[in-house]
Amino acid sequence: MGLYSLACAALNKSRHEYVSEYEHEYIDNLFTDFHRMADEIRLTGFAVLFSVNSGYKIILNKGFNAETVRKSVSTADFWNGMLQDETWHFIKGEALNPFFQLFSAYDASFDCLSIKKASHKGCPFIFIAAGEIADVFLQKQLDALMPLIEQTYTILHAFYKPADIVHQKTDFSVQAKERFKSGKASLYIVKLNKLFESLFALLDPSDFDFITSCIGAAPSSFTAESPLCFSADDESRLYFLTRDKEGGDFCSDMKNAFKKMFSQKRADFMCAEPASEESSLYKELSNEIAF
């Protein structure tokens, strides 16, 4: 079964069924391959937005910062209103105003955007580049990116889900108390520092938003109830709070998920283990819920 066939099959399957078959592409390889290709494309800033949860979001990106990636989340209605067809659009002057909301202040220094809304084998995407560039040149670069766009959709359908990642410890405590007010819970830690260190020299900081989201959503591939997830300030650690259940081993299940998501070398960098009772987060939560 080809990459696209696998991606389309996912629409009619549960994530658990699909992930069990997924064995061809890895998240880290997708980004490293993209940046090797992007370095050969003579554009200062460009990105591909993919359809995610009935909207669009930047996943493949060169030259725009992480804030732009976060701000790029936009509705399908917005793009359908801005772009009436699948030809190249060159946006200038006051027509740029609706688009500035998708960029950080640092990145919003362009005087023109070159944009095309398109689809590849039924999967929609939007290509956007800073500056006014000849459409023949742009189309040539876009055609070269098609295999990576296809790979991205395969990975999206297999692993991506907007994870319930909480970034404020107080918010995490409140949600934990509400969700786990009855029954015992367990707290686990996933250490990402070695994984990130192995990728920092190869990827842009903006790439890690997608990677972290995939890891945060990983438990949904092996459990029906997604754990509550908290990200440390430096995003080198993710904490998962999950309800105690018989017959399941969260750490080994996460390790198996890592092996499906990342190449073997980088999957081995990742570690899932029960959080120490001496950790400040464990102590704080133990006052609210039962461990």
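In this chain, residues are counted from 1 in sequence order.
Residue pairs meeting the side-chain hydrogen bond (donor to acceptor under 3.5 Å, both in side chains) criterion with at least one partner in residues 36-48, sequence neighbours excluded, are Asp33-Arg36. Residues in residues 263-291 take part in these ring pair (Phe, Tyr, Trp, His ring centres under 6.0 Å) pairs, two or more places apart or across chains: Tyr282-Phe291. For residues 95-104, there are no salt bridge (Lys or Arg N to Asp or Glu O under 4.0 Å) pairs, not counting sequence neighbours.
Of the N and O atoms on the side chains of Asn61 and Ser206, at least one donor lies less than 3.5 Å from an acceptor on the other residue. Judged purely by distance below 3.5 Å, without hydrogens or angles, the side chains of Gln139 and Asp135 never pair a donor atom with an acceptor atom. Using modelled atom types and a 3.5 Å distance limit, the side chains of Ser104 and Thr68 yield a donor-acceptor pair.
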Checking Val52 against Phe210 for the side-chain contact (heavy atoms from CB on, under 4.5 Å) test, could you report, in this order, the C-alpha distance in whole Å, the side-chain angles of both residues, the deciding distance, and whether it holds? CA-CA 12 Å; Val52 178; Phe210 179 74; over 6 Å; no

Applying side-chain contact (heavy atoms from CB on, under 4.5 Å) to Val190 and Arg237, what does each step give before you reach the verdict? CA-CA 6 Å; Val190 174; Arg237 302 180 308 281; over 6 Å; no

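Note on Asp85 versus Lys116: no salt bridge recorded, every NZ/NE/NH1/NH2 to OD/OE distance being 4.0 Å or above.
The shortest heavy-atom contact between Lys62 and Ile41 is NZ-O, 3.2 Å. Residues Ile165 and Gly216 come closest through the heavy atom pair CD1-CA, 4.1 Å. For Ser114 against Ile133, the heavy-atom pair with the smallest separation is OG-N, 3.5 Å. Across all their heavy atoms, Phe125 and Ser119 have their closest contact at CE2-C, 3.7 Å. Among all heavy-atom pairs drawn from Lys177 and Glu288, the shortest one is CD-OE1, 3.2 Å.
The ring-ring contact (aromatic ring centres under 6.0 Å, His included) search around Phe110 returns Phe100, Phe103, not counting sequence neighbours. Considering only residues two or more places apart in sequence or on other chains, Lys191 meets the side chain to side chain donor-acceptor pair (under 3.5 Å) condition with Glu273. The side-chain contact (heavy atoms from CB on, under 4.5 Å) search around Gln84 returns none, not counting sequence neighbours. Checked against side-chain contact (heavy atoms from CB on, under 4.5 Å), Thr75 has the following partners two or more places apart in sequence or in another chain: Asp77, Phe78. Every side chain to side chain donor-acceptor pair (under 3.5 Å) that Glu284 has, sequence neighbours left out, goes to Ser173. Remark: Phe262 pairs with no residue by the ring-ring contact (aromatic ring centres under 6.0 Å, His included) rule, at least two apart or across chains. The side chain to side chain donor-acceptor pair (under 3.5 Å) check on Glu197 picks up nothing, with sequence neighbours excluded. In terms of the side-chain contact (heavy atoms from CB on, under 4.5 Å) criterion, residue partners of Lys71 (sequence neighbours excluded) are, by chain and number, Glu67.
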Exercise answer: donor-acceptor pairs, residues 90-97 side-chain atoms, under 3.5 Å, sequence neighbours excluded:
from: Lys92; atom 1: NZ; to: Glu132; atom 2: OE1; distance (Å): 2.8
from: Lys92; atom 1: NZ; to: Glu132; atom 2: OE2; distance (Å): 3.2
from: Asn97; atom 1: ND2; to: Glu94; atom 2: O; distance (Å): 3.3

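Judged by distance alone, with hydrogens and angles left aside, the side-chain atoms of Asn80 form a donor-acceptor pair with the main-chain N or O of Ala76 at under 3.5 Å.
The six-membered or imidazole ring of Phe240 lies away from that of Phe230, with a centre-to-centre distance of 6.0 Å or more. Between Phe50 and Tyr56, a ring centre-to-centre spacing not shorter than 6.0 Å is recorded.
Under the 4.5 Å side-chain criterion, counting only non-hydrogen atoms from C-beta, Phe172 is in contact with Leu285. Counting only heavy atoms from C-beta outward, the side chains of Met146 and Ile149 approach each other to under 4.5 Å.
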